[in-house]
Amino acid sequence: MLTSLDGYTRIPGARPRVGVLASGSGSNLGAIAAAIAAGDLEVELAAVVCNVAGAGALERARRAGVEPALIEHGGFGSRADFDAAVVAALRERGVEWVVMAGWMRLVGVELLDAFGGRVLNIHPSLLPSFKGLRAIEQALAAGVGVTGCTVHEVTEGVDSGPIVAQAAVVVDPGDDARTLHARVQRAEHVLYPRAISAAIARRRARDER
Ligand code: GRF
């Protein structure tokens, strides 16, 4: 069956087209690109959208062979206008799955409606613990012995969509936010490509039913 996606025709068996949204250093973007290059993640990196000029994610995208779209939120009058520009950039590139990797903007209904159920995020805690900003600091302040990272579907609530996959990271007695975040990020880089694969396979199985 061929399904039209805003001008793009989905060819059965073709690799799903993924668009990554990033605001920061882009280490997760790098891990996703490396997994694709290694043949461990069977998707096409079709787009990278970044909202911060000078962010490391821009260079990582270029290294992965993708010219990133820089869409700075400061240039828009409202969040809805900004989201609409992001959706347009993703659609122009035929994106089917949206992968948020350090995207420091709340996601509006425009994006969720456009890609319903096909938007993923990674959060540096074992959700539902430590939602929102500074999750690593929250975990340290709570004194937990184990934290980690979670890949989840994005819904309207903050860090509250259905969980796709999690990885645990032990908190060492001498950890500070920097050392703990570094270990959580190493776990993220392994988890995210696998979770993307799992989410796509799960969705495909559901759509074929
Ligand atoms: C990650 O730790 C992720 O959990 C959080 O933002 C960070 C992004 O890091 N949402 P990077 O830009 O992928 O290096």
Side-chain angles (χ1 to χ4, degrees), residues 18-37 40-41 43 45 47-64 66 68-73 86 97-108 111-112 119-142 144 146-171 175-199:
V18 166
V20 174
L21 306 184
S23 307
S25 75
S27 69
N28 280 284
L29 166 61
I32 291 164
I36 296 170
D40 295 334
L41 174 58
V43 302
L45 184 58
V48 174
V49 176
C50 179
N51 64 323
V52 178
L58 294 163
E59 190 43 41
R60 296 231 197 217
R62 290 189 190 103
R63 258 188 268 148
V66 177
L70 174 63
I71 306 178
E72 290 178 275
H73 52 270
V86 171
W97 281 82
V98 179
V99 168
M100 293 169 35
W103 181 244
M104 298 305 288
R105 303 292 298 168
L106 287 176
V107 169
L111 193 118
L112 295 178
V119 185
L120 302 174
N121 182 43
I122 191 158
H123 182 76
S125 77
L126 292 176
L127 291 172
S129 293
F130 313 130
K131 294 179 179 180
L133 294 174
R134 305 182 73 78
I136 301 284
E137 287 82 352
Q138 290 184 54
L140 286 170
V144 294
V146 178
T147 185
C149 48
T150 302
V151 176
H152 64 95
E153 290 175 25
V154 178
T155 54
E156 274 188 64
V158 173
D159 301 327
S160 52
I163 289 170
V164 176
Q166 294 185 302
V169 173
V170 171
V171 181
D175 264 335
D176 57 22
R178 192 184 54 80
T179 57
L180 183 55
H181 194 207
R183 283 208 313 293
V184 168
Q185 280 217 308
R186 280 205 289 281
E188 290 182 343
H189 299 161
V190 176
L191 182 71
Y192 215 174
R194 291 181 186 171
I196 293 166
S197 231

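Each ligand, and each atom within it, is numbered from 1 in the order the structure gives. In this text the structure is predicted, and so the values were computed from the model without any measurement.
Of the candidates S27, C149, A22, the one placing a heavy atom closest to atom 14 (O) of ligand 1 is S27. Evaluated by nearest non-hydrogen atom to atom 13 (O) of ligand 1, the leading choice among V20, N28, V151 is N28.
Of all protein heavy atoms, the one closest to atom 12 (O) of ligand 1 is G26 N, 2.8 Å. Scanning all protein heavy atoms for the shortest distance to atom 8 (C) of ligand 1 gives G102 CA, 3.5 Å. The protein non-hydrogen atom at the shortest distance from atom 7 (C) of ligand 1 is Q185 NE2, 3.8 Å. The protein heavy-atom contact nearest to atom 10 (N) of ligand 1 is I122 O, 3.1 Å.
Residue H181 places a heavy atom less than 4.0 Å from ligand 1.
Within a 6.0 Å sphere centred on CD of E156, other residues, nucleotides and ligands contribute 12 heavy atoms or fewer.
With a 4.0 Å cut-off on non-hydrogen atoms, E188 touches ligand 1 through its side chain and not its backbone.
A heavy-atom distance below 4.5 Å is found between the side chains of Y192 and I32. Residues R183 and L180 have side chains in contact (heavy-atom distance under 4.5 Å, counting atoms from C-beta outward).
Summarising the geometry of P193 relative to V190, their closest heavy-atom pair is CD-O, 3.6 Å, with the distance given to 0.1 Å. The heavy-atom pair separating L127 from I163 by the smallest distance is O-CD1, 3.6 Å.
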- Query: Going through the checks in order, is the side chain to side chain contact (heavy atoms under 4.5 Å, CB included) test met by C149 and V169?
  - Reply: CA-CA 8 Å; C149 48; V169 173; 5.6 Å; no
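Backbone and side-chain nitrogen or oxygen atoms of G24 are examined, and none is located within less than 3.5 angstrom of a nitrogen or oxygen of ligand 1.
For the side-chain contact (heavy atoms from CB on, under 4.5 Å) criterion with S197, the lone passing option out of L41, D40, V43 is L41.
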